[in-house]
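Proteins get letters first, then strands, A, B, ... in listed order; numbering begins at 1 in each.
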There are 2 protein chains.
Amino acid sequence: MNKSFHPLEQAVDRIEERFPGVPRQQVILTRLYFHILPRLTGYLNDGMKEYGLNESLWMSLLAMYACPHQSLYPSDISDTLDSSRTNATRIVDELVRHGWATRIPCAADRRKIGLELTQQGLELVESLLPVSRANYRALWSDFDPEEMQLMEKMMRKLLARLGG
Amino acid sequence: MNKSFHPLEQAVDRIEERFPGVPRQQVILTRLYFHILPRLTGYLNDGMKEYGLNESLWMSLLAMYACPHQSLYPSDISDTLDSSRTNATRIVDELVRHGWATRIPCAADRRKIGLELTQQGLELVESLLPVSRANYRALWSDFDPEEMQLMEKMMRKLLARLGG
DNA sequence: GCATTTTAGTAACATACGTTACTATTTTTC
DNA sequence: GAAAAATAGTAACGTATGTTACTAAAATGC
């Protein structure tokens with residue numbers, strides 16, 4: 001979406017006129033959060049889409065890359081990426097379909113299926129890591145280290161409030 | 001989702017060991033943003049669901065309430081709520097189905113369909129405004145006014161970077 | 001050691017939203 | 001004033017994810 005935030009701010013102010021008592025700062029902050037989100041998602045996905053990836057697939061590849069033998073379980077993807085086990089299965093399906101990962105039954109526990117990065121997946125990850133990092137740096141390039149630390153502190157405080 | 005953010009932080013650190021050069025602060029901030037989101041959405045929707053609402057329907061009702069004669073056009077909902085015109089149509093369908101709003105063809109412009117809050121919708125909005133406001137206040141209750149202003153400033157800076 | 005509970009992964013169903021394409025209508029351009 | 005462009009709203013198709021339910025397997029409790 002490339003719509004402005006302004007119409008919403010105006011609506012908030014008109015509601016204040018109509019039914020006073022709007023906690024304007026709190027409402028604006030919350031709505032800004034949602035306003036930023038599709039743009040942030042779009043920004044991250046844009047950097048990935050030419051490789052047939054989106055941010056979820058990419059983060060899953062990284063989660064695998066971060067493990068010994070580039071291997072983990074779908075439930076680890078679920079835990080690490082904060083997604084449902086169902087969605088982890090979908091992501092795994094996609095990674096396997098592209099040839100970036102391969103499923104391996106776990107001998108020690110037949111409920112589990114190991115997932116291992118293939119050579120192709122490893123090469124993709126290592127060739128794209130610099131690109132991804134540049135994108136993350138660019139995203140926050142208007143912030144100095146103190147601001148980023150402060151932002152993190154406040155986001156963690158919000159997260160704590162929300163039970164995370 | 002009630003998963004911890006910790007597994008992701010650990011993954012980020014293991015990637016640093018494996019392939020140094022991670023912009024940790026930037027990655028953590030970005031991933032925190034996504035980690036908070038389902039919790040924030042859940043928090044806002046929880047407060048609404050007993051009335052058969054979610055946050056989108058609620059915000060649309062407010063957008064209507066904010067207008068003269070509690071009336072606007074679906075494209076105004078699209079603009080105010082930063083959503084597609086298709087989604088605005090869905091939201092309107094839902095509001096009409098519940099009896100909270102009614103569609104009215106526009107005599108001056110036959111492309112447009114006016115949407116007006118019904119008496120039932122008006123009563124719902126005015127009865128729920130205090131509840132919604134209390135939820136927004138509670139959400140940010142750990143923040144003092146200076147922190148909220150700083151958070152807003154930084155979020156707007158991020159938004160500007162993302163082209164909003 | 002057996003019953004109960006929990007975990008792992010997936011199928012079926014559900015929610016929420018965007019994109020593309022379309023028709024009808026209005027606005028703009030020349 | 002007519003052609004071209006833009007807007008409004010919706011249909012069809014697509015993306016992404018969660019919830020509920022299920023089976024199989026492992027862990028726990030007694």
query: Would you call Asp46(A) and Arg39(A) a salt bridge, using N to O less than 4.0 angstrom?
result: no
- line: Contact check, residues 88-106 of chain B vs DNA chain D, heavy-atom distance under 4.0 Å, returns Thr89(B), Arg90(B), Arg103(B)
query: Rounded to whole angstroms, how far apart are CE on Met48(B) and C1' on dT15(C)?
result: 18 Å
message: For Phe5(A), give me all partners under ring pair (Phe, Tyr, Trp, His ring centres under 6.0 Å), at least two apart in sequence or on another chain.
response: His35(A)
- prompt: Rounding to a whole Å, what distance do you find between Asp46(A):CG and dT19(C):P?
  reply: 11 Å
query: Just how far, in rounded Å, is P of dC22(D) from CZ of Arg85(A)?
result: 15 Å
query: Could you give the angle between the helix axes at the two ends of the helix from dG1(C)-dC30(D) to dC30(C)-dG1(D), with five pairs per end, rounded to 10 degrees?
result: 40°
- line: With sequence neighbours left out, the residues meeting side chain to side chain donor-acceptor pair (under 3.5 Å) with Thr30(A) are Trp140(B)
Summary of ring-ring contact (aromatic ring centres under 6.0 Å, His included) pairs that have at least one residue in residues 62-110 of chain B, sequence neighbours excluded: His98(B)-Trp100(B)
statement: 5' to 3', nucleotides 23-29 of chain D under a 4.0 Å protein heavy-atom cut-off (B base, S sugar-phosphate only, - none) gives -BBS---
query: Do any N or O atoms from the side chain of Thr41(B) and from the backbone of Pro38(B) form a donor-acceptor pair under 3.5 angstrom?
result: no
- line: Whole-Å distance, Lys112(B) NZ to dT27(C) C1', equals 11 Å
- prompt: Could one point to a donor on the side chain of Thr86(A) or the base of dT17(D) with an acceptor on the other under 3.5 Å away?
  reply: no
Rounded distance in Å - CD1 (Ile113(B)) to P (dT25(C)): 12 Å
message: Please check this pair: side chain of Ser78(B) against backbone of Ser83(B), looking for a donor-acceptor N/O pair closer than 3.5 Å.
response: yes
- prompt: With sequence neighbours left out, which residue pairs that include part of residues 9-25 of chain B fulfil the salt bridge (Lys or Arg N to Asp or Glu O under 4.0 Å) condition?
  reply: Arg156(A)-Glu9(B), Glu9(B)-Arg24(B), Asp13(B)-Arg24(B)
query: Any salt bridge (Lys or Arg N to Asp or Glu O under 4.0 Å) pairs touching residues 105-127 of chain B, not counting sequence neighbours?
result: Asp109(B)-Arg111(B)
message: I need the residues from residues 50-77 of chain A with at least one non-hydrogen atom less than 4.0 Å from DNA chain D; give them sorted by number, or say none.
response: Asn54(A), Ser56(A)
With a cut-off of 3.5 Å and sequence neighbours excluded, list every side-chain donor-acceptor pair involving residues 54-62 of chain A.
unit_1, atom_1, unit_2, atom_2, d
Asn54(A), OD1, Ser56(A), N, 3.1
Asn54(A), OD1, Leu57(A), N, 2.9
Glu55(A), OE2, Tyr136(A), OH, 2.5
Glu55(A), OE2, Arg31(B), NH1, 2.7
Trp58(A), NE1, Ser132(A), OG, 3.2
Ser60(A), OG, Ser56(A), O, 2.8

statement: By salt bridge (charged side-chain N to carboxylate O under 4.0 Å, His left out), Lys157(A) pairs with (sequence neighbours left out) Glu147(B)
- request: Starting from C1' on dT17(D), measure out to CG on Asp82(A) and report it in whole angstrom.
  value: 12 Å
message: Tell me whether Thr118(A) contacts the main-chain N or O of Gly99(A) through its side chain, where contact means a donor paired with an acceptor under 3.5 Å.
response: yes
message: I need the CG-C1' distance between Leu44(A) and dA16(D), as an integer number of Å.
response: 15 Å
field: Spacing of Leu37(B) atom CG relative to dA16(D) atom P, expressed in whole Å
entry: 16 Å
- prompt: Under the 3.5 angstrom rule, does the side chain of Tyr33(A) hit a backbone N or O of Tyr33(B) as a donor-acceptor pair?
  reply: yes
task: State, without any angle test, whether Gln25(A) and Gln149(B) hold a side-chain donor-acceptor pair at a distance under 3.5 Å.
output: no
message: Side chain of Ser83(B), heavy atoms from C-beta onward: which of dG9(C), dG18(C), dG9(D) has the nearest atom to it?
response: dG18(C)
message: Per the salt bridge (Lys or Arg N to Asp or Glu O under 4.0 Å) rule, what does the pair list look like for residues 131-146 of chain B, sequence neighbours excluded?
response: Arg161(A)-Asp142(B)
